There are 2 protein chains.
Amino acid sequence: MLGDDQFRKLTAPFLCRLRTLVPLTPHEERFIETLDLPPHVFQAGAHVNKGGSLDFTPWIVGAGWACRLRVLPDGRRQIVSFFLPGDTIGLSEVHHPAIQSTIVAMTDLRLLNSTRLAEAIDRADQSVPNIIQACRMSVIWMQARLLDQILRLGRLTALERMAHLLLELHYRMEDVGLAQDGRFPLPLTQSQFGEALGLSLVHVNRTLQQLRRENLIELRPGRVAILDRERLELLCDFRKPAI
Amino acid sequence: MLGDDQFRKLTAPFLCRLRTLVPLTPHEERFIETLDLPPHVFQAGAHVNKGGSLDFTPWIVGAGWACRLRVLPDGRRQIVSFFLPGDTIGLSEVHHPAIQSTIVAMTDLRLLNSTRLAEAIDRADQSVPNIIQACRMSVIWMQARLLDQILRLGRLTALERMAHLLLELHYRMEDVGLAQDGRFPLPLTQSQFGEALGLSLVHVNRTLQQLRRENLIELRPGRVAILDRERLELLCDFRKPAI
DNA sequence: CGTACCATTGACAGCCCTCAAAGCAGGTGG
DNA sequence: CCACCTGCTTTGAGGGCTGTCAATGGTACG
């Protein structure tokens with residue numbers, strides 16, 4: 001279920017991600033490429049941070065998708081954020097009980113242990129200054145995406161929310177080299193879209209149909225194509241994450 | 001418009017806040033108490049981070065309320081988070097253009113310049129280890145509150161959202177010694193409640209009336225009383241921020 | 001061929017929004 | 001002292017966006 005990523009180097013997305021933030025020295029590129037292979041594998045549906053000493057391990061997503069999830073006692077579920085290939089888990093953002101959320105693998109997942117990276121950051125290792133700078137920027141990006149999510153849920157209509165989320169995912173996949181020509185793998189069910197966007201499954205379905213009717217996207221299970229990015233951005237006031 | 005806080009030491013709330021997180025040494029208490037007085041004053045409605053060199057100054061809120069706000073081109077506004085006395089601005093969380101938001105004073109505001117504190121954190125100053133630890137924890141709390149906001153907007157009904165936010169604000173005011181017996185100053189208009197909770201002004205009004213009818217809160221302009229915290233928490237699955 | 005999961009469609013209800021107007025309190029100036 | 005203004009709160013009516021319930025279809029897999 002890892003799709004096209006299966007045979008790529010698992011460090012490639014993270015390298016892409018860092019290079020969108022800062023230029024790296026050859027030494028730094030090697031530092032990343034040697035980060036703890038082989039990967040730790042979680043199956044779709046597994047909890048990445050539920051019990052065990054792995055709870056506080058910092059990871060880099062090599063392949064597959066995960067999400068941060070909050071569940072209410074009555075069963076309502078809210079997806080807070082997504083982790084895509086090249087994202088860090090528990091490094092730029094935080095593992096802590098106070099966060100009261102679970103990290104769930106949405107597909108089969110290959111994670112790289114980034115403890116060495118975390119240590120380098122902690123002691124401000126002078127041999128990898130750009131990496132440290134990039135990770136600092138990455139904290140900011142992650143925060144900005146949380147604010148995006150708040151804006152979507154608080155102020156956008158269903159149609160706008162869906163468009164806005166698709167654009168965010170597109171940009172993120174493009175950044176790590178996993179989107180070509182507006183097309184990228186999208187392993188979300190409509191129910192999961194609903195959990196992320198605060199909508200019911202049924203309404204997600206109707207919203208997606210509307211986007212298709214207007215020739216803004218193409219969607220088949222597991223894959224999406226952004227047909228008219230500009231019009232889609234206009235529709236939902238999406239602001240390209242500049243700088 | 002600063003209410004009861006007017007004559008308190010402006011560093012008091014921040015000291016309270018830190019002490020809820022870690023114990024401080026006498027040296028550390030003095031370090032806080034000498035943080036750059038007199039305060040920088042913003043009038044209600046002013047933008048704290050809009051243009052000028054003050055943009056990247058890290059602050060501590062001494063008195064008054066502020067919020068982080070996102071505005072859409074068509075005028076829709078979403079309050080992302082609140083800054084209460086004792087909170088930091090641009091220290092635990094981030095000033096950066098990518099965040100695409102404005103920090104607005106909701107009341108007259110007295111801010112302490114915390115550049116000295118920021119520098120102490122940056123160079124890991126060994127004379128104030130507990131303060132640094134507390135600021136690290138504070139980042140986590142701030143993130144947790146963003147997730148709370150996402151949960152409210154994505155999964156709670158209007159009544160639940162309102163209850164949940166009131167409880168959060170109550171706990172935060174209580175932590176910094178500004179709530180007694182469930183009562184605390186609440187300088188929000190119903191319109192601002194709406195901007196924070198993703199509701200219309202009219203619906204905020206009706207929701208507040210419902211909470212009053214059920215004897216859960218008392219509310220008069222500028223001030224609120226939580227009458228039955230336990231029932232209110234039950235109503236919205238509020239989880240006390242433990243640990 | 002049955003099972004399970006996901007996508008799709010229809011009918012209907014309800015939560016919440018918009019529009020509109022009236023009440024209320026504080027501040028200002030005549 | 002009162003008229004007036006301004007900003008906030010309150011109330012009513014009606015509509016629309018979105019949720020819930022229920023059933024059907026499609027596809028992968030055993």
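Throughout, a chain's letter reflects where its sequence line sits, starting with A, and its residues are numbered from 1. Just so you know, these numbers come straight off a predicted model, no measurement behind them.
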[X] [atom1] - [N] [atom2] separation (whole Å):
| X | N | atom1 | atom2 | answer |
| --- | --- | --- | --- | --- |
| A:R220 | C:dT8 | CZ | P | 14 Å |
| B:L201 | D:dT9 | CG | C1' | 8 Å |
| B:M162 | D:dT9 | CE | C1' | 13 Å |
| A:L219 | C:dC6 | CG | C1' | 12 Å |
| A:H203 | C:dA7 | NE2 | P | 16 Å |
| A:L153 | D:dG19 | CG | P | 12 Å |
| B:R155 | D:dT20 | CZ | C1' | 13 Å |
| B:Q190 | C:dC24 | CD | P | 15 Å |

Give me the ring orientation class for B:F42 and B:W59: parallel if the planes are under 30° apart, tilted from 30 to 60°, perpendicular past 60°.
-> perpendicular
Relative to the 5' end of DNA chain D, which residue comes earlier, A:V202 or A:R161, by the nucleotide with the nearest heavy atom?
->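 Counting from the 5' end, the first nearest nucleotide belongs to A:R161.
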With sugar-phosphate meaning primed atoms plus P, OP1 and OP2, does B:G198 contact a base, only sugar-phosphate, or nothing at under 4.0 Å between heavy atoms?
-> sugar-phosphate
Report which part of the nucleic acid A:L208 touches: base, sugar-phosphate, or nothing (heavy-atom distance under 4.0 Å, all strands).
-> nothing
What's the closest nucleotide to the [X] side chain, out of [options]?
| X | options | result |
| --- | --- | --- |
| A:S200 | C:dT18, D:dT20, C:dA7 | D:dT20 |
| B:R206 | D:dT18, D:dA13, C:dT9 | D:dA13 |
| B:T189 | D:dT9, C:dC16, C:dA7 | D:dT9 |

A:R76 CZ: over 12 foreign heavy atoms closer than 6.0 Å |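 Yes, CZ of A:R76 has more than 12 neighbouring heavy atoms, counting only those of other groups under 6.0 Å.
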Do the non-hydrogen side-chain atoms of A:V224 and A:E218 ever get within less than 4.5 Å of each other?
->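 Counting from C-beta outward, A:V224 and A:E218 never come under 4.5 Å.
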Quick one: CZ on A:F83 to OG1 on A:T88, what's the gap to the nearest 0.5 Å?
-> 8.0 Å
Rounded distance [0.5 Å steps], CG in A:L211 versus CG in A:L235 =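 One finds 7.0 Å between CG of A:L211 and CG of A:L235.
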Does [X] put a side-chain nitrogen or oxygen below 4.0 Å from OP1 or OP2 of [N]?
| X | N | value |
| --- | --- | --- |
| B:R212 | D:dT10 | yes |
| B:Q209 | D:dT11 | yes |
| A:N205 | C:dA7 | no |

